Amino acid sequence: MKNTDDMTQAITFTGSCLCGQVQYSVTTEIEGFYLCHCQQCRKITGSAFASNILTKPVDVLWVSGVDKVKRFDYPGTRIFTKVFCTECGSGLPYLNEKGSALVIPAGSLNNEPVIKPINNIFWNDRAQWYEAGIEAKQCSNFAK
Ligand SMILES: [Zn+2]
Ligand SMILES: [Zn+2]
């Protein structure tokens with residue numbers, strides 16, 4: 001895990017959607033990496049949790065496919081945002097509603113991030129099958 005001094009250094013992140021039409025690059029400072037288990041994050045990702053790297057707010061450089069980038073903001077006391085490729089639906093980076101942070105979905109990165117997750121947030125809301133999934137048999141390919 002990076003220590004606090006290292007986290008103040010600007011890092012360039014590059015990533016893409018699954019179909020590859022949208023490519024991005026951002027150079028910014030890491031502020032955190034959390035796994036969010038809340039119901040809304042499970043819905044918006046279609047998975048057990050959202051894996052989000054938080055950084056200082058900077059504009060995303062869309063290297064390609066900017067015309068395929070769509071933003072969805074779900075209103076409420078906590079606003080849930082998804083920026084995604086309109087072709088394949090993959091999650092992409094976005095500035096939060098307040099503009100106070102850039103949120104990078106860790107799975108969209110081309111390379112392993114230099115930071116590990118720090119917190120599991122909204123832990124009590126986690127899917128009942130989450131821990132069973134971690135303990136399930138590990139297969140290098142499809143289950144036989
Ligand atoms: Zn795509
Ligand atoms: Zn959440």
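This one's a predicted model, so the numbers in the text were calculated from it and none came from an experiment.
Scanning both residues, I53 and P113, for their nearest heavy atoms gives CD1-CB, 3.7 Å. Heavy atoms only, all atoms of each residue included: K82 and T45 are closest at NZ-CA, 4.4 Å. For the residue pair F33 and A106, the shortest heavy atom distance occurs at CZ-CB, 3.6 Å. When all heavy atoms of C19 and C88 are compared, the closest pair comes out as N-SG, 3.5 Å. The nearest pair of heavy atoms linking A101 to P57 is N-CB, 4.0 Å.
Relative orientation of the Y74 and F80 rings is tilted, given thresholds of 30° and 60° on the angle between their planes.
Linking ILVMFWY residues whenever their side-chain heavy atoms come closer than 4.5 Å, directly or via other members, leaves L61 and I104 in distinct clusters. There is no path of hydrophobic side-chain contacts, each under 4.5 Å, that joins I79 to F122.
T12 and T27 share a side-chain donor-acceptor pair at under 3.5 Å. Under 3.5 Å, the side chains of S64 and Y24 contain no donor-acceptor pair of N or O atoms.
Partners of T81 by side chain to side chain donor-acceptor pair (under 3.5 Å), not counting sequence neighbours, listed by chain and number: D73.
Taking 4.5 Å as the limit, every side-chain heavy atom of L92 sits out of range of all side-chain heavy atoms of Y94. Side-chain contact between N52 and P105 is present, with at least one heavy-atom pair separated by less than 4.5 Å. Contact check for L35 versus I121: no side-chain heavy atoms found under the 4.5 Å cut-off. You'll find the side chain of L54 stays beyond 4.5 Å of the side chain of L102, heavy atoms only. Put simply, the side chain of L95 reaches to within 4.5 Å of the side chain of D59, judged on heavy atoms. Taking the side chain as every heavy atom from C-beta outward, F49 and S47 never approach each other to under 4.5 Å. Looking at Q40 and R78, their side chains come closer than 4.5 Å, going by heavy atoms from C-beta outward. Residues I30 and V114 have side chains in contact (heavy-atom distance under 4.5 Å, counting atoms from C-beta outward).
A donor-acceptor distance shorter than 3.5 angstrom exists from the side chain of S90 to the backbone of L18, with no hydrogens or angles considered. Under a 3.5 Å cut-off, the side chain of T28 and the backbone N or O of K56 do form a donor-acceptor pair. In terms of modelled atom types and a separation under 3.5 Å, the side chain of S108 and the main chain of S16 share no donor-acceptor contact. A donor-acceptor pair under 3.5 Å is absent between the side-chain atoms of K68 and the main chain of C85, judged by distance alone.
In summary, the aromatic rings of F72 and F84 are positioned with their centroids too far apart to meet the 6.0 Å limit.
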(message) Please evaluate residues V103 and T55 with respect to the criterion side-chain contact (heavy atoms from CB on, under 4.5 Å), reporting the C-alpha separation (whole Å), side-chain torsions for both, the decisive distance (0.1 Å), and the verdict.
(response) CA-CA 7 Å; V103 182; T55 74; over 6 Å; no
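Going from atom CZ of F13 over to atom CG of L109 covers 6.5 Å, rounded to the nearest 0.5 Å. In this structure, the separation between CD1 on I44 and SG on C38 is 9.0 Å, given to the nearest 0.5 Å. Note that CD of Q23 and SG of C17 are 7.0 Å apart. Values are rounded to the nearest 0.5 Å.
Within the structure, side-chain hydrogen bond (donor to acceptor under 3.5 Å, both in side chains) contacts touching residues 118-128 (residues at least two apart or in different chains) are H37-N120, R126-E131.
More than 12 heavy atoms of other residues, nucleotides or ligands shown are found within 6.0 angstrom of CG on D67.
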